[in-house]
There are 2 protein chains.
Amino acid sequence: MGCSVADSNIFKSLSKEERELLNQEKNCNSYLKGDIIYHEGNRISGCYCVNKGILKIYKTGIEGKEQIIAFAQKGDIIGYRSILSSEPACTTAQVIDDTLLCYIPSEILLSLVKSNSSFSLDLMQLTCKELNQANMYIKDIAQKTVRERLAEILLMLKTTFGEDGEGYLQIILTREDLANIVGTATESVIRLLSEFKSDNLIELSNKKIKILNLSALKKLSYDL
Amino acid sequence: MGCSVADSNIFKSLSKEERELLNQEKNCNSYLKGDIIYHEGNRISGCYCVNKGILKIYKTGIEGKEQIIAFAQKGDIIGYRSILSSEPACTTAQVIDDTLLCYIPSEILLSLVKSNSSFSLDLMQLTCKELNQANMYIKDIAQKTVRERLAEILLMLKTTFGEDGEGYLQIILTREDLANIVGTATESVIRLLSEFKSDNLIELSNKKIKILNLSALKKLSYDL
DNA sequence: CGGTATATTGAGTGTCTTCAATCTCAGTGG
DNA sequence: CCACTGAGATTGAAGACACTCAATATACCG
């Protein structure tokens, strides 16, 4: 079926044989909005390569409040960390937009890591990149105001997911999800969004968001 | 000289020959409090293994305010991420307590990663562990109050650095450094420390901190 | 078309930050 | 030995920012 594991950047160093092995062993499935792929704390027996759709990766905190750590979309690989460390999943992965995933059993991933040092290095670089992003976000969340972070997140969503024909962000989130990325209360997101709107920085159409004034948002987010 | 790279956990999978190679190529130096090992944004040509002492690893944010991301002590390896990704350093490393470091040239590290898949996997697991810690901290900083985070950090300092004979934390930080871990203002740290003190949770002797009531601090930090 | 989930708005409050003044301590030089 | 100095620590007061709670409105789903 139309699975494009091979297109994914992370698998670019695989040999033809390795790619075939992967294609034999992998297993594609589709999932609906709301479906949970794996749950924080559970053991998982493989990882997933995203073929289509969008997922949110989050940790659950005090009184069940989610903290969204990352999103995954086409080409991304999720759950690999728990496989590498052979530890229970440290996050939950949930479908935001109907998704097609390829399951890769852990033995396959581990054997590739062991046998192909380029692949291994690529994977390591991916982890390092994610680590750096996490560190930047720690700094931001510790030092910026909610307004600045919301502006920053909107810009991130634009660069990560792009816009549709009308200029609306391709990713559609609830206000609560937005709050759970920014790390604030839902009401604060609502108030700030409407403030951004009246300042003509963005346009709102229900859940859809259009970015009108990129540079002003950048300035606002201190992303100079 | 008394360099114990070999003792470090991360090098446990190296063969005798690889260990010898490392010993030939590495280079030990001592550094004083305040010395900067590498600076955010600079290219570095190798990484360091900590033999003795304590360093802080931080990012510099708005108006020069530091955000401390991690500490490093005996057995830890720092700067390896930039080597693996061949990118400029994404953090600054500065000596907090007089330090002895072994320099490992990047070629050596990279060749070990390529030739020894167990070492490579160990390094990957280390990165994954750091990534998970970073994600947990994002959640905490986004969801917990400053009081809760300060309690949590005190506990972390205790488990990471231990106590001296009198029960004081082995690591000595300025109030400003503490604030730069917790992600708050120096004055807030001061006020909260004195609050903890009057609640008999801790004892203060200048910069030294003694933890008196571990379980109350745990409860306070929601670290149940 | 109902029912539920999500969004919105307002009011009140608490936590934390900022700014400014003062204090303490360790190190330095006379 | 002591005054001097600068860095860090402390305290107080004022105010901003963001959160909570509660009520209401709107959108979405079957």
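Any value given below was found using the heavy atoms of this structure, including those in side chains, with hydrogens, waters and symmetry copies removed. Numbered from 1 within each chain, the chains take letters A, B, ... in sequence-line order.
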Original post:
Say you draw a straight line from CG of B/L214 to CD1 of B/I202; how long is it, rounded to the nearest 0.5 Å?
Top reply: 13.0 Å
Subject >> Among B/T159, B/I153, B/L155, the one residue meeting side chain to side chain contact (heavy atoms under 4.5 Å, CB included) with B/L157 >> reply: B/I153
Original post:
To the nearest 0.5 Å, how far apart are CD1 in A/I190 and OG1 in A/T184?
Top reply: 11.0 Å
Original post:
What is the 5' to 3' range of DNA chain C, first to last nucleotide, that sits under 4.0 Å from any heavy atom of chain A?
Top reply: C/dT6 to C/dA11
Subject >> Side-chain heavy atoms of B/L84 within contact of A/T127, under 4.5 Å >> reply: no
**OP:** To the nearest 10°, let me know how far the axis at one end of the helix from C/dC1-D/dG30 to C/dG30-D/dC1 is tilted from the axis at the other, five pairs an end.
**Re:** 40°
Original post:
Expressed in angstrom and rounded to an integer, what is the separation of B/E195 atom CD from D/dT11 atom C1'?
Top reply: 15 Å
Original post:
Taking atom types as modelled, is there a side-chain donor on A/S215 or A/N213 under 3.5 Å from an acceptor on the other?
Top reply: yes
Subject >> Inter-residue atom distance A/I209.CD1 - A/I211.CD1, 0.5 Å rounding >> reply: 8.0 Å
**OP:** Kindly check if the number of other-residue, nucleotide or ligand heavy atoms within 6.0 Å of NZ (A/K197) is above 12?
**Re:** no
Original post:
In a check of side-chain hydrogen bond (donor to acceptor under 3.5 Å, both in side chains) between A/N180 and each of A/K65, A/Q67, A/K56, which one passes?
Top reply: A/K65
Subject >> Protein-to-nucleotide contact annotation, 5' to 3' order, nucleotides 16-27 of chain D [B base; S sugar-phosphate only; - none; under 4.0 Å, heavy atom] >> reply: --SSBBB----S
Original post:
Name the one of B/Y31, B/Y38, B/Y48 that satisfies ring pair (Phe, Tyr, Trp, His ring centres under 6.0 Å) with B/Y103?
Top reply: B/Y48
**OP:** Identify which one of A/K59, A/R81, A/E87 satisfies the side-chain hydrogen bond (donor to acceptor under 3.5 Å, both in side chains) criterion when paired with B/N132.
**Re:** A/K59
